[in-house]
Amino acid sequence: MKSSKLVSLSEAVSRLVPDGASVVMGCALEALIPFAAGHEMIRQKKKSLTLIGPISDILFDQLVGAGCVEKIRAAWVGNVITGSAYNFRRAVEGGNLKMEDHSNLTLAMALTAGAMGVPFMPARTALGSDLFRTNSGLKTITCPFTGNILTAIAALLPDVAVVHVQRADVFGNGHIWGNLGVTKEACLASRHVILTAEEIVDSQVITGDPNRVIVPGFRVSAVVHAPWGAHPSPVPGHYNRDHQAFIDYRNRSRTVDGFEEWKKMWVDPLRDSRTYPELLGKERVKALALKHHLPSVPVDYGY
Amino acid sequence: MKSSKLVSLSEAVSRLVPDGASVVMGCALEALIPFAAGHEMIRQKKKSLTLIGPISDILFDQLVGAGCVEKIRAAWVGNVITGSAYNFRRAVEGGNLKMEDHSNLTLAMALTAGAMGVPFMPARTALGSDLFRTNSGLKTITCPFTGNILTAIAALLPDVAVVHVQRADVFGNGHIWGNLGVTKEACLASRHVILTAEEIVDSQVITGDPNRVIVPGFRVSAVVHAPWGAHPSPVPGHYNRDHQAFIDYRNRSRTVDGFEEWKKMWVDPLRDSRTYPELLGKERVKALALKHHLPSVPVDYGY
Amino acid sequence: MTENYTLPQLMVAAAAREIADHEVVFVGMRLPLLGFLLAGSTHAPHAVGVYELGVVRDTLSPEPIMTMGDLPNLTGACWLADTIDIMSLLQKGLVDISFIGGAQVDRFGNLNTSYIGGFQSPATRLPGSGGACDLACLAKRHIIVMTHEKRRFKEKVDYITSPGYGDGAGWRERVGLPRGGPRAVITTLGVLRFDPMTCEMVLVSVRPGVSVETVSFHTGWPLKIAPDLSQTPAPTQAELAMIRRFDPEGYWTGSDKNL
Amino acid sequence: MTENYTLPQLMVAAAAREIADHEVVFVGMRLPLLGFLLAGSTHAPHAVGVYELGVVRDTLSPEPIMTMGDLPNLTGACWLADTIDIMSLLQKGLVDISFIGGAQVDRFGNLNTSYIGGFQSPATRLPGSGGACDLACLAKRHIIVMTHEKRRFKEKVDYITSPGYGDGAGWRERVGLPRGGPRAVITTLGVLRFDPMTCEMVLVSVRPGVSVETVSFHTGWPLKIAPDLSQTPAPTQAELAMIRRFDPEGYWTGSDKNL
């Protein structure tokens with residue numbers, strides 16, 4: 001029989017995210033951001049990581065603040081509803097962080113190239129912009145058919161993709177729904193995939209609807225049970241976005257000391273992701289839970 | 001309010017498939033082949049069509065036999081379980097059909113380029129093959145980053161994609177499940193999209209599960225109710241593949257006269273796509289219907 | 001005069017007016033998101049919103065949203081898909097209009113949201129492009145929405161995150177951009193458009209109570225003024241009511257803090 | 001000797017033996033499909049099957065299937081996706097083994113499934129590549145399965161649909177192919193492999209009851225014979241029982257008609 005890939009968050013991160021690894025996260029943009037996994041990287045004091053992702057919405061800022069990051073390859077690093085990411089700003093302005101500037105499209109196409117197994121993708125974006133000056137993975141080429149000037153975007157091939165899903169089986173088959181961002185491309189482009197899942201379910205729930213599988217189990221290296229593992233970002237079917245947490249983080253992270261306080265409160269106490277809902281507290285859990293349930297109409301995979 | 005795009009098959013084909021049009025069909029490969037729409041093109045005596053698709057499994061052969069086709073851009077034209085497509089063979093061997101040879105990957109990437117709005121895609125396939133001699137949309141290029149020799153595949157931009165789906169609303173939002181082939185890319189690459197649907201359903205069924213939508217309604221030009229509209233190919237959730245029909249077609253189409261007989265029996269009598277099940281007969285409908293129903297577990301799109 | 005609206009409300013209303021019915025709108029964050037919702041609930045009910053997260057919707061969300069990633073924005077969407085699908089609509093030229101904010105802009109509408117003070121040793125690192133560069137390159141037209149200050153309206157931006165008209169007429173074609181360019185700049189002081197011949201920014205309307213001199217003073221180059229300069233229309237009561245419905249807490253439009 | 005198996009059954013068994021456990025197999029149509037099912041139910045239970053339609057599965061379908069598009073092949077799959085996703089696994093080098101049939105093959109394993117007699121005015125137009133060209137270019141290794149006849153085993157094929165080793169050693173690297181090449185040819189008369197130095201086909205086993213002379217006679221070039229030539233193992237009773245389970249009507253393996 002197939003063997004289970006279910007491990008603890010601590011084991012997944014310690015085995016698959018060595019110092020110096022390149023990690024793609026926050027692939028669904030504002031939703032399903034794997035905060036639990038990122039916080040475990042902070043607890044394990046990872047060093048010299050390269051972070052890859054479209055916008056990250058404060059997760060990258062937290063890893064930068066904790067000193068885990070050497071380089072970021074991203075389109076945007078900030079706090080969606082408040083603006084600046086302060087650790088990120090301090091690090092770049094202090095010359096302590098390498099930056100490769102993408103747009104959302106160049107990043108998506110770079111991961112698509114990695115997923116498809118080609119060394120680059122041609123695009124019509126970014127021409128005339130200064131992204132070419134702060135991203136060595138962009139060059140201009142001429143189309144062999146039309147003569148158009150195009151942007152060639154070098155493939156991104158992360159060491160590991162960390163993806164939060166709603167439900168997964170122990171073999172690594174996971175369901176995701178909602179807006180998908182660059183999740184599929186990131187999984188296929190990466191050497192390893194870690195799934196953190198709100199729920200671990202019977203395999204038949206997953207293989208009973210194979211169109212919702214984001215990446216086949218044989219491409220996944222580890223599955224972790226991490227309820228509320230994407231908080232404060234939203235998880236369709238599970239919980240709403242915790243806007244207040246993003247505002248609180250902005251306020252705390254304005255100073256280095258404030259960030260340390262935030263970290264002491266939200267990252268350090270946890271040794272096992274299963275206790276996160278306790279840390280969050282019953283009231284907040286209740287406030288963020290779905291109030292209106294809208295189940296999809298089933299489809300038939302019979303024969 | 002939004003206006004309905006629901007029209008008869010006859011109107012959709014007459015309005016959106018003029019003589020000389022390029023039409024992509026059979027996008028899910030062996031499943032969901034839009035035979036009803038293809039047969040309507042035969043009844044309307046379309047001329048000089050360019051057909052685009054990965055394998056087509058006898059649909060292209062039927063249109064060639066009926067004299068509708070000037071050119072085929074495809075990876076494979078035949079009958080999956082019996083081999084040769086006889087009208088196609090006769091036409092190519094007689095010098096009456098232009099052929100552009102693709103592989104499944106070059107065709108998928110050509111449509112992907114069309115969908116993405118770029119003039120070509122780089123690939124690592126087909127190098128050293130003679131596809132380059134019978135497809136002017138393939139050239140070799142050098143990767144600007146790695147120096148690798150690559151195949152550049154020119155974008156395909158069909159005039160119209162004809163796609164059979166399981167269920168759609170009248171606004172053009174359609175659900176598809178099962179293996180998807182190149183359906184999404186074909187829809188996005190094409191100027192117009194015609195959906196033929198097993199069922200027309202309330203819009204809330206579709207927008208209640210937006211991850212199953214194959215292409216957003218604003219990109220769709222016409223929706224047609226065509227029950228059993230993909231027979232004899234299989235439709236997940238609705239009916240199994242009618243193997244005997246493919247074998248019968250092989251036997252009939254071995255000669256020009258045999259093909260004409262087949263056409264008289266299966267294409268000419270129909271005036272309305274909704275009456276096809278009558279032509280098929282109750283027994284066959286029953287034999288092909290699903291015997292084992294396996295509904296998916298719903299997911300929650302609430303908030 | 002006493003104004004019964006905030007500056008963000010004025011800008012949201014001005015942004016909404018740029019959207020025509022039946023258009024495909026690439027919806028961004030903050031004020032442009034509200035502008036799209038306002039347009040969709042007033043003069044442009046058939047506008048389709050596409051969101052870079054992987055969302056297409058042509059109806060209002062069942063509850064107010066703070067950002068496009070909020071779950072009500074997924075409920076009843078007509079497509080939930082991949083970012084590349086949405087960006088491909090843009091790259092193919094199927095997006096009619098989009099909106100971009102910026103920290104710095106020059107007279108040709110080139111925008112900087114990346115580095116203040118040069119990228120080698122920046123004084124300030126801003127969040128970056130996100131989708132803005134793509135919108136500026138690939139939408140049929142885009143609208144710039146930003147605070148009007150001299151330090152932001154610069155003779156030359158420190159870094160081009162999102163190309164406008166480069167150094168003037170013909171530049172976009174020369175660098176290979178397939179279409180588009182900025183159509184208007186909606187600011188805290190008025191609205192500017194671009195001269196079709198020179199591609200230079202021209203002031204076409206000023207906010208009620210603001211003088212041309214004030215606008216010029218806050219602009220870092222000698223500002224061109226349209227001969228038929230008008231007043232930016234104040235938001236109507238109906239528009240204000242609708243904006244309050246979409247931003248009930250006033251997080252975005254209650255004061256000027258979040259511009 | 002009396003054989004208690006058909007030629008297709010022999011070939012299916014030989015094809016199955018090429019698959020190792022835990023491998024990712026790009027599953028084709030006809031005999032290779034049966035070979036994969038046989039391997040998965042005998043020595044390679046952890047093999048993963050990927051199908052160009054957009055299917056990945058690591059369990060047997062709940063009912064026998066005639067072709068990969070049959071609905072039982074979707075039931076319980078671990079991924080239903082786009083063709084480009086499956087082909088991308090291949091292009092990235094994640095597919096260990098695949099199988100291809102052919103109408104013509106030459107000594108370097110180049111295959112023709114497109115045009116007999118030159119593409120300008122072909123005597124016979126065959127269906128074409130399908131995914132075969134991609135498998136031949138991009139799988140880590142591929143296996144050719146075909147009828148052994150002189151008109152098919154040609155000094156030079158009329159058209160290269162699916163590249164083998166071109167004109168010999170070093171050719172694949174020269175044209176830019178990233179990996180792979182044919183590993184074996186399973187025919188109605190025996191099994192051939194490729195000399196690692198010259199990349200030329202070498203007969204390594206013959207079917208029970210067939211002589212080397214017969215194989216040479218049916219080959220269109222002076223055929224190299226392995227010094228340790230053996231006999232192709234006949235399918236075991238257990239293998240035959242399993243093949244009959246997957247092809248209960250004997251459509252593919254009941255006689256030699258569908259080779």
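Letters A, B, ... mirror the listed sequences (proteins, then strands); counts begin at 1.
For chain D, the nearby parts of B:A126 are the backbone and the side chain; heavy atoms of each come within less than 4.5 Å. For chain D, the nearby parts of B:A123 are the backbone and the side chain; heavy atoms of each come within less than 4.5 Å. When heavy atoms are compared at a cutoff of 4.5 Å, B:D57 does not approach chain D at all. For B:I247, the part sitting under 4.5 Å from any heavy atom of chain D is the side chain, from C-beta outward, and nothing else. Proximity to chain B (any heavy atom under 4.5 Å) is restricted, for D:Y115, to the side chain, taken from C-beta onward. In this structure, chain D has a heavy atom under 4.5 Å from the backbone of B:H102, while its side chain stays farther away. Residue contact with chain D, scored on non-hydrogen atoms closer than 4.5 Å, involves the side chain of B:D101 exclusively. Interface remark: B:R133 contributes backbone and side-chain atoms alike to the contact with chain D (heavy atom separation under 4.5 Å). Looking at B:L290, only its side chain comes within 4.5 Å of chain D, counting heavy atoms on both sides. Of the atoms belonging to B:P54, not a single heavy atom falls under 4.5 Å from chain D.
At a cut-off of 3.5 Å, with distance as the only test, a side-chain donor of D:Y159 or B:T134 sits close to an acceptor on the other residue.
Ranked by heavy-atom pairs under 4.5 Å with chain D, the list B:L131, B:L111, B:V182 is led by B:L131. When each of D:A123, D:G166, D:G76, D:S114 is checked for heavy-atom pairs under 4.5 Å with chain B, D:A123 comes out on top. Of the listed residues (B:T112, B:L29, B:I149, B:D130), the one with the most heavy-atom contacts under 4.5 Å to chain D is B:D130. Most heavy-atom pairs under 4.5 Å with chain D: of the set B:N79, B:L105, B:L294, this distinction falls to B:L105. For the set D:C137, D:G128, D:G130, the count of heavy-atom pairs under 4.5 angstrom toward chain B peaks at D:G130. Between chain B and the residues D:S129, D:G69, D:G54, D:P127, the most heavy-atom pairs under 4.5 angstrom are made by D:P127. The choice from B:G128, B:A108, B:G78 that makes the most heavy-atom pairs within less than 4.5 Å of chain D is B:G128.
Closest heavy-atom contact between D:D70 and B:H243: OD1-CE1, 2.9 Å. Scanning both residues, B:E30 and D:T67, for their nearest heavy atoms gives OE1-OG1, 2.7 Å.
Inter-residue side-chain proximity for B:E93 and D:T124 is flagged as met; some heavy-atom pair is nearer than 4.5 Å. B:V92 has its side chain out of reach of D:F119: every pair of non-hydrogen atoms, C-beta onward, lies at least 4.5 Å apart.
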